[in-house]
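Single-structure report; data block below.
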Amino acid sequence: MNRKLELRTRWILVTGASSGLGEEMARSIARDQGGNVLVVARRREKLEALCEELRSRYGVQAAFIAADLSRPEDVERVFTEATREREIHGVILNAGVAYWGDALKLEWSEFQSMLNTNVTSLVRLSTLFARYLVERGTRGGLMFVSSVAGFIPVPYQAAYSGTKAFVTSYGQALTQELRPQGVSVTVFAPGGISTEMLDRTGLSNRFKSGDLGMMSAADCAAHAVRAFIHRKELYIPGLLNQTLTLAARLLPRGFLAQRTAAMYRPER
Ligand SMILES: NC(=O)c1ccc[n+]([C@@H]2O[C@H](COP(=O)([O-])OP(=O)(O)OC[C@H]3O[C@@H](n4cnc5c(N)ncnc54)[C@H](OP(=O)(O)O)[C@@H]3O)[C@@H](O)[C@H]2O)c1
């Protein structure tokens, strides 16, 4: 599928847009591409403020849906509300949560919520929107935000890296199924990004902004939007991350996990 994904005046849905990478992707779509954005997350006031900013600064249309993607009923509502009054042309499934610490200390409810948000909602929304885009025949696109952690079994992020391994595998497989039907699927797999996620997990004590390979959310978003527009099947931003994932595909997984354990082991 050669033709670029056109975003100007089209509606693009971005999940997880109340902070970090999602917020910056929404900003980049509005500012640099003239696209209309429909943003989704739990924090209504953040989404409201972002929409107001994008409308007034960049003259695009912007709307939001406050939803908890760990709840199946909210996931269904996002699709229904998103498609009720507007034609959606692109969907970026970016919302995600992480956990850093001993696997045995991860609360069961927290694991289920992570699985629902990172995996189940992504499969459900991508299925609903892919059917919708195929039916319309408008050559729309989907993008899934995965992670370098999806290529490596990351000790102390065992469940999180597992969810991202799923996202990458599912996305790359779906790419092949949907391409003949005129819909592109991009898997975007960044490494460390300086966002609230690092603060929330405590990883900001281990990896600092300015460290080698750490990206700002705005820089990372610029890579992501470019990959989406060019309908890249798999895109890993940054030379260090590209080298890491190449090594991850060549080296034995046990060795990788062992080396990564030393980097991620929390202090006792
Ligand atoms: N930061 C990194 O180092 C890094 C590296 C590789 C990949 N990634 C991936 O990049 C994506 C964005 O993360 P980020 O770094 O930008 O983190 P972030 O700033 O914490 O953003 C996460 C976004 O997801 C939303 N979200 C979380 N749980 C949700 C739920 N149950 N329902 C709806 N929305 C939910 C959050 O909004 P609300 O809290 O308002 O709901 C927020 O907008 C994630 O998929 C993450 O796994 C991050």
Side-chain angles (χ1 to χ4, degrees), residues 13-28 37-50 64-78 82 92-100 109-122 124-125 143-152 154 157 159-168 171 187-209 211 213-221 223-224 227 235-238 240-241 244-245 263-264:
L13 180 143
V14 183
T15 68
S18 61
S19 64
L21 179 60
E23 179 180 351
E24 291 298 339
M25 287 192 289
R27 196 168 274 124
S28 166
V37 289
L38 175 60
V39 289
V40 179
R42 289 167 300 186
R43 286 171 291 175
R44 170 182 291 272
E45 62 298 343
K46 291 255 196 186
L47 298 176
E48 242 165 6
L50 178 63
F64 70 88
I65 301 173
D68 182 346
L69 297 177
S70 71
R71 295 159 56 99
E73 61 275 26
D74 279 25
V75 174
E76 301 299 315
R77 180 168 59 79
V78 166
I92 301 182
L93 299 175
N94 158 79
V97 285
Y99 167 80
W100 177 48
S109 59
E110 200 184 335
F111 169 71
Q112 285 178 315
S113 181
M114 186 185 343
L115 196 61
N116 283 347
T117 307
N118 296 9
V119 173
T120 312
S121 81
L122 181 138
R124 183 62 180 151
L125 286 175
M143 182 160 75
F144 301 164
V145 175
S146 185
S147 170
V148 166
F151 293 88
I152 302 167
V154 183
Q157 284 211 303
Y160 172 72
S161 64
T163 66
K164 293 302 182 178
F166 178 93
V167 170
T168 300
V187 174
F188 181 70
I193 323 165
S194 194
T195 65
E196 288 178 14
M197 179 173 273
L198 294 197
D199 297 330
R200 218 171 289 119
T201 53
L203 271 169
S204 51
N205 297 321
R206 182 64 54 95
F207 304 108
K208 307 259 180 257
S209 65
D211 282 0
M214 280 292 276
M215 279 192 178
S216 72
D219 284 349
C220 196
H223 283 281
Y235 193 81
I236 298 149
L240 186 71
N241 295 325
L244 252 173
T245 49
M263 285 171 62
Y264 279 81

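When a ligand or atom number is given, it counts from 1 through the structure's own listing order. These values consider heavy atoms only, across backbone and side chains, with no hydrogens, waters or symmetry-generated copies. Owing to the predicted nature of the structure, the values given are computational and were not obtained by experimental measurement.
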- prompt: Hey, does Leu21 come in under 3.5 Å of ligand 1, counting only N/O atoms on both sides?
  reply: yes
query: What residue and heavy atom of the protein are closest to atom 13 (O) of ligand 1, and at what distance?
result: Met197 CE, 3.9 Å
message: For Arg44, is the CZ atom crowded, meaning more than 12 foreign heavy atoms sit under 6.0 Å from it?
response: no
- prompt: What do you reckon, does Tyr160 put a non-hydrogen atom under 4.0 Å from ligand 1?
  reply: yes
field: Heavy-atom nearest neighbour in the protein, as seen from atom 7 (C) of ligand 1, with distance rounded to 0.1 Å
entry: Ser146 O, 3.3 Å
- prompt: Is it true that Arg43 and Glu196 have a side-chain N and a carboxylate O under 4.0 angstrom from each other?
  reply: yes
field: Taking atom 43 (O) of ligand 1 as the reference point, the nearest protein heavy atom with its distance
entry: Ser18 OG, 2.8 Å
task: Any chance you could lay out the side-chain contact (heavy atoms from CB on, under 4.5 Å) test for Leu50 and Val37, step after step, and finish with the verdict?
output: CA-CA 10 Å; Leu50 178 63; Val37 289; over 6 Å; no
- prompt: Should one rank Ala17, Ser147, Ser19 by closest heavy-atom distance to atom 18 (P) of ligand 1, which comes out on top?
  reply: Ser19
message: At less than 4.0 angstrom from any non-hydrogen atom of Asp68, what atoms of ligand 1 do you find?
response: 30 (C), 31 (N), 32 (N)
- request: Determine whether any heavy atom of Glu24 lies closer than 4.0 Å to an atom of ligand 1.
  value: no
- prompt: Does Pro190 come within less than 4.0 angstrom of ligand 1, counting non-hydrogen atoms of the residue?
  reply: yes
query: Is ligand 1 under 4.0 Å from a heavy atom in the side chain of Thr117, in the backbone, in both, or in neither?
result: side chain
- request: Carefully, step by step, assess Met214 and Leu198 under the rule side-chain contact (heavy atoms from CB on, under 4.5 Å).
  value: CA-CA 11 Å; Met214 280 292 276; Leu198 294 197; 3.2 Å; yes
- prompt: Which atoms from ligand 1 have a heavy atom of Gly20 less than 4.0 Å away?
  reply: 16 (O), 19 (O)
- prompt: When you look for heavy atoms under 4.0 Å from ligand 1, do you find them on the side chain of Leu198, its backbone, both, or neither?
  reply: side chain
- prompt: How far is atom 9 (C) of ligand 1 from its nearest protein heavy atom, and which residue and atom name does that atom have?
  reply: Val145 CG1, 3.8 Å
- request: Measure the distance from atom 45 (O) of ligand 1 to every protein heavy atom, then report the residue, atom name and distance (to 0.1 Å) of the closest one.
  value: Asn94 O, 2.7 Å
message: Just to be sure I read this right, does ligand 1 sit under 4.0 Å from the backbone of Lys46, its side chain, both, or neither, counting only heavy atoms?
response: neither
query: If you measure from the Lys or Arg side-chain nitrogens to the Asp or Glu carboxylate oxygens, is any gap between Glu23 and Arg27 under 4.0 Å?
result: yes
Contact atoms of ligand 1, heavy-atom distance to Arg200 under 4.0 Å: 20 (O)
- request: Would you mind running through ligand 1 and noting each atom that sits below 4.0 Å from a heavy atom of Gly191?
  value: 3 (O), 4 (C), 5 (C), 6 (C)
- prompt: Among protein heavy atoms, which lies nearest atom 33 (C) of ligand 1, and at what distance?
  reply: Ala67 O, 3.3 Å
message: Any atom of ligand 1 sitting under 4.0 Å from a heavy atom of Ser121?
response: no
message: Test your reading of the structure: does Val97 have an N or O sitting under 3.5 Å from an N or O of ligand 1?
response: no
- prompt: Leu69 versus Asn116: any side-chain heavy-atom pair under 4.5 Å?
  reply: no
- request: For a side-chain contact (heavy atoms from CB on, under 4.5 Å) with Val154, tell me which candidate from Tyr264, Tyr160, Trp100 qualifies.
  value: Tyr264
contact_flag Lys164 ligand 1 heavy-atom lt 4.0 Å: yes
message: Looking only at protein heavy atoms, which one is nearest to atom 4 (C) of ligand 1, and what is the separation?
response: Ile193 CD1, 3.7 Å
- prompt: What atoms in ligand 1 come closer than 4.0 Å to a heavy atom of Ser70?
  reply: 31 (N)
- prompt: What class does the angle between the rings of Phe188 and Tyr235 fall in, given that below 30° is parallel, 30 to 60° is tilted and above 60° is perpendicular?
  reply: parallel
task: Give a yes or no on whether the backbone of Asn94 and the side-chain of Thr15 come within a donor-acceptor separation of less than 3.5 Å.
output: yes
field: Criterion side-chain contact (heavy atoms from CB on, under 4.5 Å) on Arg206 and Met263, from CA distance to verdict
entry: CA-CA 9 Å; Arg206 182 64 54 95; Met263 285 171 62; 5.7 Å; no
message: Looking only at protein heavy atoms, which one is nearest to atom 27 (C) of ligand 1, and what is the separation?
response: Arg42 NH2, 3.5 Å
task: Provide the number and element of each atom of ligand 1 under 4.0 Å from a heavy atom of Gly192.
output: 3 (O)
task: Output yes when the distance from some N or O of ligand 1 to some N or O of Leu69 is under 3.5 Å, and no in every other case.
output: yes
query: Do the side chain of Ser146 and the main chain of Lys164 share a donor and acceptor less than 3.5 angstrom apart?
result: yes
